[in-house]
Amino acid sequence: MWKLPLFEACTSIIGSVDSHLVMVFQDSGKKAILPRGDQGNWVKRLQKSGVFEGKLGSLQFIRFAVKNSDQSALVIGLGTGSLLSEEKLRGVGGNVWTRLVSEKANTGVVYVDNLFQVKGAEFGLKNSRSIRAFAEGIILGAYQFKKYKSKEPVNSSYFGPSRFVFFTQNKKLKAELDFELRQVAAIGESVRVTRDWSNEPSNFGTPIYYAEQAKKLAEQNGLKCRILTEKDAEREKMGLFLGVGQGAEREGRILVVEYSPKSQKKTQTIALVGKGVTFDSGGISIKPSARMEDMKHDMTGAATVMGATLLAAKWKVRHRIISIMAFTENMPSGNAIQPGNVLTARNGKTVEVINTDAEGRLILADALDFVQDYKPDAVIDVATLTGAVSVALGKLCCGLLGNDDRLIQSILKASERSGERIWQLPLFDEYFDDLKSDCADMKNSANDSYGGTVRAAIFLKQFIRKGIRWAHLDIASTAYNLTHLSYYPKKGASGAYVRTLAQFISDFE
Ligand code: BES
Ligand code: MG
Ligand code: ZN
């Protein structure tokens, strides 16, 4: 079975290693700067040959015929040191993983000493967080989703290196790396949950399936988990949530997962809300058939919330987290809601549903109202809400909107640390005019498609109570098929923003 690779920091190398990972900087575009750990003079010899300059992203694999062992080296170009960033190192990590897999490597040893900045030099890594970013790239790049392949590949026992040793002779650095690598292992496990959930086909990935998975994960990670059935949702008067699921055979579920910190010092409550449409056919306003299969990913908001909650719990953050995941299916049937139907939300407002494909905002509205009963200090919802966000920002970036500038700024700051790109879009209240209904308090969609992402957020804003700080992440652009980065799978779920959200919670003041 495939497993995530293990990371450890060591002051001496124990056990067998078969791949030496040597990172080199480029000196003003001419020659590589040699690490002192290069006993075999591999890099020196490479450098003499003139073919390897240490450009960022360049990799040179060397295989040696060493008596009684099969050793190799991967020389990794880091480019000009002053231009290097954590995000670039993450990218290098993803590429290193791919290369090591194709070379059938089993264990990598990373030489860490001598990579750090020396006084006066323009090259060198800044601190152990740089090494962490490289390790993140490896573990994020290592993901696979092979659950439904009936035939294993020929050499099925090999999935890639199972172990990485970060070698340093500096005890203080080792202790730092121990910490960082533990954080990275938690990232690997949490992002894996988000990706697995998102990739699950909707005939297996039903609301009840995710409820069961969440229960298990909660138990393993010391979290509380409560599951609301549709009956419970009726009692809660969640008319919008129930309306969306009305046409489906499979029942919806609302998951409430709670993390409470051990220490009560300076604790605040952060609420996360995720859209969990296990399949979005569009309902009676049915979608065209081309790429409709991608709509199994329409629960990625909920999957991201689960992953972020797990990661924050594994990191033992000091804030309390309430995570609501609203799972349901959007299906056409004789029982489905019809365009023009009027539904009543949990907060009493009425909505004319003129497009049953604008269903995400409906289930989020009720989930947002529900979570505000907890009196959270900040609310963030995450959803694959509009196709329009990809038109605005492309596939490498999600949209961020909200009612509180300080909250927005701290989310953007977390995104800078994680490297996951987020761009703020304006929340113009005037756009609510486009959602005026003739017969209800509002309609769920406008008559044209201008500013679709902003309009969806304006709709959500109608359900945010006075004084509540709220932000909305539209991840329809980035949830799957994020092809631009080496450490995200080219196809299927990206798992993006799990790290950003956990970082945000961790840094929240
Ligand atoms: N799930 C879709 C949004 C989506 C589109 C996610 C593409 C991922 C990729 C959402 O429910 C939807 O259908 N939105 C409509 C809203 C419109 C009818 C106002 C859209 O974006 O077209
Ligand atoms: Mg839809
Ligand atoms: Zn949807």
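All ligand and atom numbering here is 1-based and tracks the order in the structure. Because the structure is predicted, anything quoted here is derived from the model rather than measured.
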> Taking 2.8 Å as the cut-off, does an N/O/S atom of E359 lie below it from the Mg ion (ligand 2)?
Replying inline: yes

>> Taking 4.0 angstrom as the limit and counting only heavy atoms of M295, give me the atoms of ligand 1 inside it, by number and element.
In response: 1 (N), 6 (C), 7 (C), 8 (C), 9 (C)

> Looking at R361, which atoms of ligand 1 are within less than 4.0 Å of one of its heavy atoms?
Replying inline: 16 (C), 19 (C)

>> Which atom name does E359 have for its N/O/S atom nearest to the Zn ion (ligand 3)?
In response: OE2

> Looking at D298, which atoms of ligand 1 are within less than 4.0 Å of one of its heavy atoms?
Replying inline: 1 (N)

> Do the side-chain N and O atoms of D196 and Y143 include a donor-acceptor pair separated by under 3.5 angstrom?
Replying inline: yes

> Which of the atoms of ligand 1 are close to L385, meaning less than 4.0 Å from one of its heavy atoms?
Replying inline: 3 (C), 10 (C), 12 (C), 14 (N)

> Is a side-chain donor or acceptor of K413 paired with a backbone partner of F504 at a separation under 3.5 angstrom?
Replying inline: no

> Which is closest to atom 5 (C) of ligand 1 by heavy-atom distance: G282, A456, G301, G387?
Replying inline: G387

> Atoms of ligand 1 less than 4.0 Å from Y480 heavy atoms?
Replying inline: 8 (C), 9 (C)

> Can any side-chain N or O of H472 pair as donor or acceptor with the backbone N or O of L460 at less than 3.5 Å?
Replying inline: no

> Below 6.0 angstrom between ring centroids: does that apply to F204 and Y148?
Replying inline: yes

>> Side chains of V389 and C398, heavy atoms from C-beta outward: is any pair under 4.5 Å?
In response: no

>> Just to be sure I'm reading this right: ignoring hydrogens, which of D357, N355, T300, T356 gets closest to atom 13 (O) of ligand 1? Compare them by their nearest heavy atoms.
In response: D357

> Which pair of heavy atoms, one from T267 and one from P261, lies closest together, and at what distance?
Replying inline: OG1-CG, 3.7 Å

> Is it the side chain, the backbone, both or neither of F459 that has a heavy atom closer than 4.0 Å to ligand 1?
Replying inline: neither

> Where the Zn ion (ligand 3) is the corner point, what angle links NZ of K275 with OD2 of D280, to 10°?
Replying inline: 170°

> Applying a 4.0 Å heavy-atom criterion (strictly less than), which segment of D280 is in contact with ligand 1: side chain, backbone, both, or neither?
Replying inline: side chain

> Do any heavy atoms of R455 fall under 4.0 Å from ligand 1?
Replying inline: no

>> Out of all atoms in ligand 1, which are within 4.0 Å of some heavy atom of K287? Include the element for each.
In response: 2 (C), 12 (C), 13 (O)

> Going from CG on D298 to CD on E329, what distance comes out if it is rounded to the nearest 0.5 angstrom?
Replying inline: 11.5 Å

> Short list, please: which atoms of ligand 1 are under 4.0 Å from a heavy atom of E359?
Replying inline: 11 (O)

> Would one find an N, O or S atom of G360, in either backbone or side chain, under 2.8 Å from the Zn ion (ligand 3)?
Replying inline: no

>> At less than 4.0 angstrom from any non-hydrogen atom of S445, what atoms of ligand 1 do you find?
In response: 19 (C)

>> I'd like to know: is the Zn ion (ligand 3) within the 2.8 Å range of an N/O/S atom from D357, strictly under that distance?
In response: no

> Side-chain donor-acceptor pair under 3.5 Å between T453 and T386, yes or no?
Replying inline: yes

>> Check for me whether K275 has a heavy atom closer than 4.0 Å to any atom of ligand 1.
In response: yes

> Can you tell me the protein heavy atom closest to atom 6 (C) of ligand 1 and the distance?
Replying inline: A476 CB, 3.6 Å

